[in-house]
Every structure is written in structure tokens, then in C-alpha cells.
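Hydrogens, waters and symmetry mates are skipped; everything else that's a heavy atom, side chains included, is used. Every chain is numbered from 1, with letters handed out A, B, ... down the list of sequences.
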There are 2 protein chains.
Amino acid sequence: MITIKEVARHAGVSMSTVSYVLSGKRTISEETKRRVEQSIVALGYHPNAGARALASNRSQVLGLVVPLRSGVNMPVIMQFVASIVASARDHDYDVLLLTKEAGPGEAHRVTARSMTDAVIVMDVESDDPRIPELRTVDAPVVLLGMPDDHEVLSCVDLDFATAGRQMAGHLADLGHSSIALIGSPPAVYERGTSYAARLLAGFRGEAGKRNLQASVHPCEPGYDSVAACLDEVLAPGRDTTGLVVHNEAILGTLLLELRRRSLDVPGDLSVITLCPDDVAENLPVPLTSIAVPAQELGAIAVEMVMARLAQEHAPEVRLLQPQLTDRGSTAAR
Amino acid sequence: MITIKEVARHAGVSMSTVSYVLSGKRTISEETKRRVEQSIVALGYHPNAGARALASNRSQVLGLVVPLRSGVNMPVIMQFVASIVASARDHDYDVLLLTKEAGPGEAHRVTARSMTDAVIVMDVESDDPRIPELRTVDAPVVLLGMPDDHEVLSCVDLDFATAGRQMAGHLADLGHSSIALIGSPPAVYERGTSYAARLLAGFRGEAGKRNLQASVHPCEPGYDSVAACLDEVLAPGRDTTGLVVHNEAILGTLLLELRRRSLDVPGDLSVITLCPDDVAENLPVPLTSIAVPAQELGAIAVEMVMARLAQEHAPEVRLLQPQLTDRGSTAAR
DNA sequence: CGGCGGAATGGGAGCGCTCCCAGAGCATTA
DNA sequence: TAATGCTCTGGGAGCGCTCCCATTCCGCCG
């Protein structure tokens with residue numbers, strides 16, 4: 001293994017000079033810098049991460065707690081992960097993958113051992129049992145998702161309440177008076193998944209304010225449950241004309257089933273959903289939707305971590321405002 | 001930060017004794033071990049990963065190169081990832097997430113810097129451009145997937161050729177004489193994705209041997225392309241009665257479309273697929289399938305890495321034999 | 001001509017751990 | 001009694017880096 005010492009000798013400078021060339025933490029003459037860089041290439045030197053971490057007390061690694069549980073939509077999760085990894089790399093950080101299943105102690109473990117300088121936690125729940133424990137983590141922690149108790153930790157999320165309001169409002173604006181929300185599987189609501197609950201609250205609130213008839217239907221993936229769900233929604237007498245869907249996994253099935261029932265979108269039924277843009281675009285019928293800005297949320301989470309790594313910060317909540325894109329799947333009534 | 005020195009003082013022993021209690025690399029009397037462990041808990045000691053890595057020349061971290069590209073099925077990828085993380089933790093290893101997009105130098109980078117002790121690379125292609133570069137990585141490398149040039153690196157994969165043969169053979173055994181393979185998107189074949197090509201070869205080989213009419217149809221996700229694909233497959237005169245599907249993403253859509261066309265499975269059309277068991281079970285019609293044993297493949301990859309970390313090993317290829325589960329979606333002709 | 005400020009570099013302690021090299025204490029054997 | 005073999009423990013060098021504390025060498029001012 002080539003060490004910094006050998007590079008120094010090869011370049012005819014001291015170890016400290018090589019170190020400073022690498023870190024840029026003090027000015028080095030052009031001439032010296034060039035010589036050092038040549039030696040680094042010539043010898044094939046790569047700094048040893050362990051030694052660097054030990055001496056500098058920085059690991060240049062971020063812990064990422066990822067949920068791998070049922071009900072969450074894996075492609076969406078992966079968009080977040082990809083965005084976080086890319087953003088982290090932009091800051092010269094790597095990402096250590098921690099799975100929620102391995103227990104809530106994971107964030108603590110990697111942090112206490114100085115394996116990571118900070119932790120990002122995905123898929124936080126309203127009343128997440130991990131929160132108290134995360135507070136004791138002696139490193140910056142940023143949550144993707146917003147717990148009820150969000151005064152104590154920094155978090156980033158889409159403003160799902162506003163999203164719920166917007167979608168109900170959008171349908172109300174178009175003259176619909178009876179609408180339905182088809183949501184995530186019951187389990188998601190039961191465990192108090194924050195975003196689901198907030199969207200639901202926004203939806204109900206706006207529906208109430210606008211005097212809409214509004215029903216809510218949690219829905220499992222799978223054809224049968226989608227069909228059953230539609231049976232409820234479209235029950236005679238209900239006169240549902242507008243549909244809000246908050247469940248990426250069933251969108252395709254739902255639209256096919258509507259087609260099978262010879263229901264036109266948006267002729268017979270207006271449909272609006274919340275999902276990543278590329279999903280909304282590639283459905284049998286492109287859907288008017290509010291985007292899940294995974295890319296952006298991931299990048300912001302990383303930025304927040306970096307800010308907290310650079311200096312002490314108070315907890316901060318960032319809610320991204322929803323962006324509605326009309327793709328013609330909703331129509332005036 | 002509590003160090004090993006403080007633990008040693010607290011327990012009235014030397015640093016080395018604490019270290020050996022922790023690593024178990026030499027026998028320590030029960031009494032001493034107990035005292036040390038008590039001190040560790042009392043002081044809240046956590047070994048510093050950087051220092052440990054520096055001194056022991058082991059990072060206890062595994063690099064995992066994950067593809068985040070289109071066409072691959074994210075839920076399946078995540079099954080692999082989850083399995084690898086869990087298996088790694090069983091061996092007291094953590095997982096550093098590397099994305100293929102970040103460039104093929106990633107494996108090299110983390111390895112040269114001693115950030116990771118070994119690397120697992122997912123979604124390897126037949127003629128993968130990363131192979132030559134991976135050969136120069138100075139650490140164990142295990143591939144999930146099998147490149148053409150598989151003499152030089154260790155790899156684990158399902159025996160897709162046999163799987164292709166089995167599926168064609170299964171239909172032949174049932175008396176079908178005209179069958180079709182609905183595959184992954186064209187892009188997957190075009191970039192020479194190893195598993196797709198091998199399954200295809202097995203399928204064609206067996207079909208030839210058994211004198212079957214066999215057609216092949218790459219298929220994009222999305223309703224329209226599935227419908228178009230079915231139009232081809234079911235074109236009059238073709239008399240296709242058996243369908244092999246190798247594309248997790250379209251299974252749901254495909255079955256719904258068959259239902260829409262009033263084609264019964266398996267009455268009118270026998271369908272067999274290759275996908276994770278939980279997917280096959282939860283479709284509108286449960287499908288007879290060959291499982292993608294993500295759990296097992298991930299675990300084996302980790303085992304192979306650990307074996308190579310323990311001692312030098314020659315490259316080794318492990319192909320898991322496919323396991324066919326009959327769920328009644330295929331019938332005799 | 002001495003003193004001074006600024007720019008460029010060198011020296012090396014110390015980060016927290018592992019593991020080699022002993023040494024101490026005791027029982028067993030010659 | 002001395003030698004030998006065990007078992008258990010201690011001491012501390014050294015892993016490769018960072019960053020504090022100098023030192024050197026200028027040009028410039030008074």
C-alpha cells in the first residue's frame with residue numbers, strides 16, 4: 001500500500017504538504033502542487049479512509065435507514081435512495097445502507113462507532129417509535145417524512161396535507177360534488193404512516209369546506225381488491241364522479257379495470273393521483289397528478305445534513321409545496 | 001468519546017485485554033471478561049471504526065454496486081439488496097451503497113481507499129464492460145449474474161438456461177405445440193443482459209428439441225405494448241396455447257388483458273412465468289412459476305465473499321437450479 | 001540595516017485501535 | 001528442586017493520516 005509518506009518522499013516535500021494539497025486547507029504554490037499531484041498519479045496513491053477518519057474525526061459516510069417493508073412502493077423508495085446517493089457523492093460522501101428491520105439501534109450503532117457522520121431516515125411514521133431514540137444520536141439526523149412530533153428533529157417532506165386539499169379542491173373546482181379517495185393498504189394507515197394520514201386529513205378538510213360528499217377507501221394491491229374497491233366507490237346512489245388515488249401500485253390495475261367496465265376517463269370519471277411524474281405519464285391513461293419530487297426531496301435532505309455537519313443548526317422542517325400537472329384525466333362536470 | 005483505554009482503566013486491566021475480550025481472539029478468564037463487559041456497559045463504550053480499520057486493516061464493510069437503471073424490476077432488486085444487507089450483518093459487516101451510474105470506478109475507489117473489504121456487483125451483463133476493471137480490484141469481488149467471460153471472477157446466479165428449458169419443457173410435456181415467450185423490454189436484450197439472453201437460449205433450445213413452434217416477443221411495460229404483444233402472440237394461424245413470461249412488471253397487466261379478452265387461464269391459454277414467489281402468488285390468477293430466489297442468491301453471494309475474505313479462493317461459478325411451483329395456470333392440451 | 005508581515009513549507013504528536021512479544025503465576029513432570 | 005508447559009495478562013509499537021506549531025525566506029518600511 002502506498003502511503004502519504006511515500007508520496008511525500010517521491011515529490012520531495014513533507015507529509016503535511018501532501019496532505020494539504022489533497023485537502024486544499026492551505027495554499028500551496030502551483031509548482032509544488034503540480035509535483036505532488038504527479039507523484040500521486042505516478043505511485044497510484046489512494047488515501048486510506050480509516051486513517052483519515054481516525055485523524056480527522058470524519059468518516060465521509062452518511063447512514064441511510066431504508067424501509068424494506070410491505071406496502072411501500074419500491075420504485076419510489078429507490079428514487080429517493082438514488083437521489084440521496086448521488087447528492088451525497090456530490091459532497092464527497094458515501095452512503096451506508098441500514099435497514100429498518102435490523103432494528104432501530106442501527107442509527108445509534110453506526111454513529112457511536114463513528115462509521116457515519118450523520119444519518120438520514122426514510123419513511124418516518126406519525127408516531128414513530130424511533131424518534132426518541134434518534135434524538136439521542138450524537139450526530140445530525142434528518143428525517144424524510146414528518147412525524148407528529150416534529151419539533152425535535154429536522155425533517156423534509158412533501159406537504160401532503162396541502163396535496164390532499166389541492167386534489168379535492170381541483171375536483172371541486174371542476175364542479176364535482178361526490179368524490180372518493182382510494183388510498184394505500186389499510187396496514188399503512190394502521191401503523192400511522194405520516195404522509196398517508198396527512199394527505200387524508202387535507203382531503204377530508206377540503207371536501208368538508210367545499211361541501212363535497214367524500215368517501216375514503218384504503219386498497220390493497222391486487223386485482224380483486226381493486227375491483228372490490230371500485231364496486232364500493234361506484235355503488236349506485238353514490239354518484240361518485242371524481243377519484244383521488246394515493247397508491248402507486250394499483251394505478252395500472254385501476255385504469256384497466258375502469259376500461260373493462262367501459263368507464264371513460266375523464267368522460268365518466270375524473271381521476272387525479274399523487275405519484276412520481278414518470279409513473280403518471282406511462283399509465284394506460286396519463287393521469288393528472290401531483291408529483292412526488294423524490295429527486296428534490298433526497299437532495300434537500302442531503303443539503304440539510306451537510307449544513308448541520310458544517311455547523312450547529314436548530315431542528316428545521318421543510319415542506320415542499322405540491323406541484324399539480326394537468327394531463328387531462330379530470331374534466332368539468 | 002470513551003476509548004478503549006478508559007475502559008481498561010475502569011476495569012483495572014490493560015488495553016489489550018479489553019481488545020481481546022471484544023474480539024475473542026484469545027481466551028480470557030470468565031472473571032476478567034465479566035469485569036470488562038461491565039465497564040463497557042457502564043461507560044457506554046463503542047469501538048471506533050476508523051481506528052479499528054486502520055489497525056486491523058479490515059473495514060468490516062462490503063461495497064454493493066446496485067443498478068438503478070430502467071427496465072430492471074425495482075422490487076426484485078430490493079429483495080436482493082435486503083438479503084445481502086441482512087446476510088452481511090450476520091457476519092458483522094455493513095454495506096456501502098454504490099450506484100452503477102456513478103461510474104465503474106466506484107468499486108475501485110472504495111477498495112483502494114480501504115473503505116470496503118470486498119465488493120458485490122449486481123445485474124451483470126453478458127459482455128459487461130466493468131469486468132476488466134473489476135479484475136484489477138484488489139479485493140474479493142462477487143458478481144450476481146453471469147457474464148460470458150465467467151472464468152475470471154466469482155459469480156452466483158440462477159441457472160436461467162435451465163429455467164428456459166424447463167418452462168418450454170413443462171409446456172411441451174402438457175402437449176402444447178405452439179408456444180411463445182414474452183420477455184423483457186427490447187433494451188434489456190440489446191444491452192446483452194446476461195440472464196435474459198440465457199433464458200432465451202434455453203427456451204429456444206428446448207423448443208427446438210421438442211419440435212415446438214416458438215416465438216419470442218420482447219415487451220415494454222405499459223398497457224398498449226402488452227396489448228400489442230398479445231395481438232402478435234395470439235394472431236390467428238399461430239395457434240399459441242402456451243405462454244412463457246419473463247417480465248415481472250407486466251404480469252398484472254397481461255392477466256387483466258387476457259381476462260378482458262375473455263381468455264381463460266389455463267383453459268384457453270397456459271401461462272408460466274419466472275418471478276419471485278410472492279409476486280406469482282398475488283396476481284389476479286396465481287401463476288405456475290419458477291422462482292427467482294433472491295433471498296438465497298444474496299445470501300450465497302455474501303457467503304462467497306466471506307470465504308474469499310477468510311482465505312484466497314479461485315474464481316467459482318454457482319448456478320442455482322430452478323425450482324418450478326405449479327399453481328395451476330398451465331393445463332394439458 | 002534591523003525589524004516586520006506574509007507566503008510557503010516542514011516536523012511530528014496524536015487520533016484509538018490491534019496484535020506481537022513478553023512475563024507472571026501455577027501445576028505437572030523429571 | 002528445577003525444568004517444563006499451561007493459562008492468563010500487560011506493554012506498547014505502529015497502522016496512515018490531519019493539523020498545530022514552528023521555521024524559512026521573501027520584500028518592504030522606517
Without decimals, in angstroms, what is the distance between A/K33 NZ and C/dT9 P? 10 Å

Reckon B/S56 touches a base, only the sugar-phosphate, or nothing at all at heavy-atom distances under 4.0 Å? sugar-phosphate

Rounded to whole Å, please give me the gap between CD1 in B/I2 and C1' in C/dC17. 15 Å

Can you check the B/I4 CD1 to D/dG14 P distance for me, whole Å? 19 Å

Donor-acceptor pair, A/S19 side chain versus A/M15 backbone, under 3.5 Å? no

Where the side chain of A/L54 is concerned, which of C/dC15, C/dC17, D/dC19 is the nearest nucleotide? C/dC15

Report yes if a side-chain nitrogen or oxygen of B/S14 is closer than 4.0 Å to either non-bridging phosphate oxygen (OP1 or OP2) of D/dG10; otherwise report no. yes

I'd like to know if the side chain of A/S83 reaches the main chain of A/Q295, judged simply by a donor and an acceptor atom lying under 3.5 Å from each other, with no hydrogens or angles considered. yes

Got a donor-acceptor pair under 3.5 Å from the side chain of A/R52 to the base of D/dT18? no

Rounded to whole Å, the CG-C1' distance (B/L43 to C/dG16) equals 15 Å

Whole angstrom value for the distance that separates C1' of D/dC17 from CG of A/L22: 10 Å

A/Y195 vs A/F160 aromatic rings, parallel, tilted or perpendicular, using cut-offs 30° and 60°? tilted

Roughly how many Å is it from CD in A/E30 to P in C/dT9, rounded to a whole number? 10 Å

Within the distance-only criterion (no hydrogens, no angle test), does the side chain of B/Q321 pair as donor or acceptor with the backbone N or O of B/D159 below 3.5 angstrom? no

Considering only side-chain heavy atoms of B/N48, which listed nucleotide, C/dT9, C/dC17, D/dG16, is closest? C/dC17

Between atom CZ in B/R26 and atom P in C/dG23, what is the gap in whole Å? 14 Å

Whether the side chain of A/R9 and the base of C/dG10 hold a donor-acceptor pair under 3.5 Å is what I'd like checked. no

So, does B/T27 get its side chain near the phosphate of D/dT7, meaning an N or O under 4.0 Å from OP1 or OP2? no

Phosphate oxygens OP1/OP2 of C/dT9: is one of them under 4.0 Å from a side-chain N or O of A/S29? yes

Please tell me if the side chains of B/L96 and A/V95 come closer than 4.5 Å, counting only heavy atoms from C-beta onward. no

Name the nucleic acid region contacted by B/M15, choosing base, sugar-phosphate or nothing; use a 4.0 angstrom heavy-atom cut-off, strictly under. base

Counting any heavy atom closer than 4.0 Å, what does B/S16 reach on the DNA or RNA strands: base, sugar-phosphate only, or nothing? base

So, is B/K25 close to the C/dT18 phosphate, meaning a side-chain N or O under 4.0 Å from OP1 or OP2? no

Can you tell me the distance, in whole Å, between the CZ atom of A/R35 and the C1' atom of C/dG10? 13 Å

For the base of D/dC19 and the side-chain ring of A/Y20, does the geometry meet a stacking cutoff of under 5.5 Å between centres and under 30° between planes? yes

